[in-house]
Amino acid sequence: MGLRVRASSLLLSLALELAVALVSVSAQQKFGINYGQIANDLPDPTRVAGLLQSMNVNKVKLYDADPRVLTAFANTGVEFIIAVGNENLQTMASNPAAARQWVATHVQPYIPATRITCVTVGNEVFSSNDTVMMSSLLPAMKAVYAALGGLGLGSQVTVSSAHSVNVLATSFPPSSGAFREELAEYIQPILDFHAQTGSPFLINAYPFFAYKGSPGTVSLPYVLFEPNPGVRDPNTNLSYDNMLYAQIDAVYAAMKAMGHTDVAVRISETGWPSKGDEDETGATVQNAAAYNGNLMQRIAMGQGTPLKPNVPIDVYVFALFNEDMKPGPTSERNYGLFYPNGSPVYAINSGGSGGSGGGFGPGGSLNPYYTSMFSSSSKSLVRTTFLTERVMLLLLLQAIVILLQS
């Protein structure tokens, strides 16, 4: 009898461990999303909070520190990245008190009810020709970091800045990735800061632009995560089947060339527009559904890049809503997964395959086990993983029942 009890206890322990593992895997399948608000017709943040919870999204990135949003998401468990605008960099760099005031106003009052985990200081600063702003970036980052520490928030909130992938001078093959020479004096100390504070290096990467710029030479399946022969890096012999992963590894290579293998890379923006001008080749609903759907499926699998296969990619999709007041080409106003009324931009199509269908699963969910945004092969792979895990758990539970009855 004692042996039976010990055996049943062991089986129950294994079952519980597997259940916990399944929960952990599920948690890793959640992706981040950019919540832009350059529009005059967006829903109230309280409705947005409900929408994101129904989608099982647990990470949101803002372009400001909107108090309405931070209040609406209190006690939801959603992690937030909030932002200091470029217009504040010079003031914060020269006057640390301004950084302390900003943190005291935009961060401290909302913690811990709202989970603010990162402050981005500036956005794509190196895409401008403003050398004063470039020089102000790191001092401003340090001022915000010091302000957080002074208020006892340094262990909860990291400090970073989002950069365009165009900070790279070369990106292919990925192993030859290098930062632009004229930016080295700015980026080197920023990488030192990230290493010292344990914060990530953030990159905004859009394979769409590469395809739009050269549709005759850039493979559409390669940029959409669709089946393709892939491209081999001759220096590492690693094979890449999509451009985004190649860009991530190029950033790792560029950082390594500056002496850093101790800083994580996070994709702070990536996405695909569902509509564009006549000269914006590839900006279609079908391609947007394929890009975002296939990317989310890979996030669900906890997949890493060829260079970092054991480090799941960390991605913030752009964007939650179409934003009707954004300037520029038509595509800029059509990156959203949703229309402002909350309906999905991609039509629900449970039988879609390849890039021909898109949409959302039950209740508007983007849970990878239910979404119809993925290609048939992607859905099959995720469904198989899902079922295999649950079969294992059921077998363990059945074994416990049989053992206890015997």
Side-chain angles (χ1 to χ4, degrees), residues 31-36 38 61 63 81 83 120 122-128 161-172 174 177 179-180 200-226 228 231 240-252 254 265-277 279-296 298-299 305 313-323 326-337 345-346 355 358 373:
F31 62 97
I33 197 159
N34 283 274
Y35 180 5
I38 305 178
K61 177 171 163 284
Y63 292 89
I81 295 177
T120 56
N123 183 61
E124 298 193 352
V125 171
F126 299 128
S127 295
S128 72
S161 184
H163 309 284
S164 166
V165 74
N166 291 329
V167 294
L168 295 176
T170 58
S171 60
F172 200 86
F179 292 112
R180 284 159 42 198
F201 189 77
L202 305 182
I203 285 289
N204 299 338
Y206 290 88
F208 163 71
F209 292 126
Y211 180 74
K212 184 187 80 166
S214 187
T217 57
V218 175
S219 162
L220 185 60
Y222 181 69
V223 293
L224 293 181
F225 303 94
E226 297 286 359
N228 67 91
V231 183
Y240 290 82
D241 69 352
N242 71 86
M243 181 177 286
L244 183 66
Y245 287 14
Q247 291 175 328
I248 294 173
D249 283 354
V251 175
Y252 276 120
V265 174
R266 179 181 297 179
I267 298 297
S268 43
E269 285 184 26
T270 193
W272 197 284
S274 59
K275 185 179 180 181
D277 294 322
D279 62 346
E280 294 189 284
T281 305
T284 67
V285 166
Q286 292 78 14
N287 289 342
Y291 183 85
N292 287 320
N294 290 329
L295 173 60
M296 290 174 194
R298 290 179 181 235
I299 294 171
T305 67
I313 57 170
D314 195 339
V315 171
Y316 284 75
V317 173
F318 185 87
L320 182 56
F321 294 111
N322 281 345
E323 299 173 76
K326 291 195 73 174
T330 297
S331 61
E332 287 294 315
R333 294 175 288 282
N334 289 277
Y335 274 91
L337 298 179
V345 173
Y346 315 130
M373 288 178 66

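These values consider heavy atoms only, across backbone and side chains, with no hydrogens, waters or symmetry-generated copies. Position 1 is the first residue of the sequence; numbering continues from there.
- G328 and R333 make their closest contact through O-NH1, 2.9 Å (heavy atoms, listed as atom of the first residue, atom of the second, distance).
- Between the CG atom of N294 and the CD1 atom of I299 there is a distance of 11.0 Å, given to the nearest 0.5 Å.
- Other residues, nucleotides and ligands place no more than 12 heavy atoms under 6.0 Å from the NZ atom of K275.
- You'll find the side chain of F126 stays beyond 4.5 Å of the side chain of S128, heavy atoms only.
- When only modelled atom types and interatomic distance are considered, S164 and N204 share no side-chain donor-acceptor pair under 3.5 Å.
- Distance CG/L202 to OG1/T120: 7.0 Å, rounded to 0.5 Å.
- Side-chain contact between S331 and N334 is absent, with no heavy atoms from C-beta onward closer than 4.5 Å.
- Geometrically, R298 does not engage F31 in a cation-pi contact, judged by NZ or CZ lying under 6.0 Å from the ring centre and within 45° of the ring axis.
- Taken to the nearest 0.5 Å, the CZ atom of F318 stands 10.0 Å off from the CD1 atom of I33.
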Criterion side chain to side chain contact (heavy atoms under 4.5 Å, CB included) on Y35 and F321, from CA distance to verdict: CA-CA 7 Å; Y35 180 5; F321 294 111; 4.1 Å; yes
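- Distance check: I38 CD1 to E332 CD gives 9.0 Å after rounding to the nearest 0.5 Å.
- Residues E269 and V315 form no side-chain contact, since every pair of their non-hydrogen atoms from C-beta on lies 4.5 Å or further apart.
- N322 CG to S274 OG: the interatomic distance, rounded to the nearest 0.5 Å, is 5.5 Å.
- Aromatic rings of Y206 and Y335 (six-membered ring for Trp) have centroids within the 6.0 Å cut-off, being under it.
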Intermediate values then yes/no, side chain to side chain contact (heavy atoms under 4.5 Å, CB included), M296 and V317: CA-CA 9 Å; M296 290 174 194; V317 173; 4.2 Å; yes
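- With sequence neighbours excluded, the residues satisfying side-chain contact (heavy atoms from CB on, under 4.5 Å) with K212 are F208, F209, E280.
- For G282 against N287, the heavy-atom pair with the smallest separation is O-ND2, 3.0 Å.
- Listed for the N242 side chain is a donor-acceptor partner under 3.5 Å among the backbone atoms of L244.
- For residues 215-225, the side chain to side chain donor-acceptor pair (under 3.5 Å) pairs, not counting sequence neighbours, are S214-T217.
- In this structure, a donor-acceptor pair under 3.5 Å is present between the side chains of D249 and Y240.
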side-chain hydrogen bond (donor to acceptor under 3.5 Å, both in side chains) assessment of Y63 paired with N34: CA-CA 8 Å; Y63 292 89; N34 283 274; 3.0 Å; yes
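- Proximity of I81 to R266: side-chain heavy atoms (C-beta onward) are separated by under 4.5 Å at one or more points.
- With hydrogens and angles disregarded, a donor-acceptor distance shorter than 3.5 Å links the side chain of R180 to the backbone of N166.
- Of the inter-residue distances, the one linking E124 atom CD with S268 atom OG reads 8.0 Å to the nearest 0.5 angstrom.
- Side-chain contact between F225 and D241 is absent, with no heavy-atom pair separated by less than 4.5 Å.
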Side chain to side chain contact (heavy atoms under 4.5 Å, CB included) evaluation trace for Y211 with M243: CA-CA 10 Å; Y211 180 74; M243 181 177 286; over 6 Å; no
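- Applying the salt bridge (charged side-chain N to carboxylate O under 4.0 Å, His left out) test to every pair with at least one member in residues 213-225, sequence neighbours left out, gives no pairs at all.
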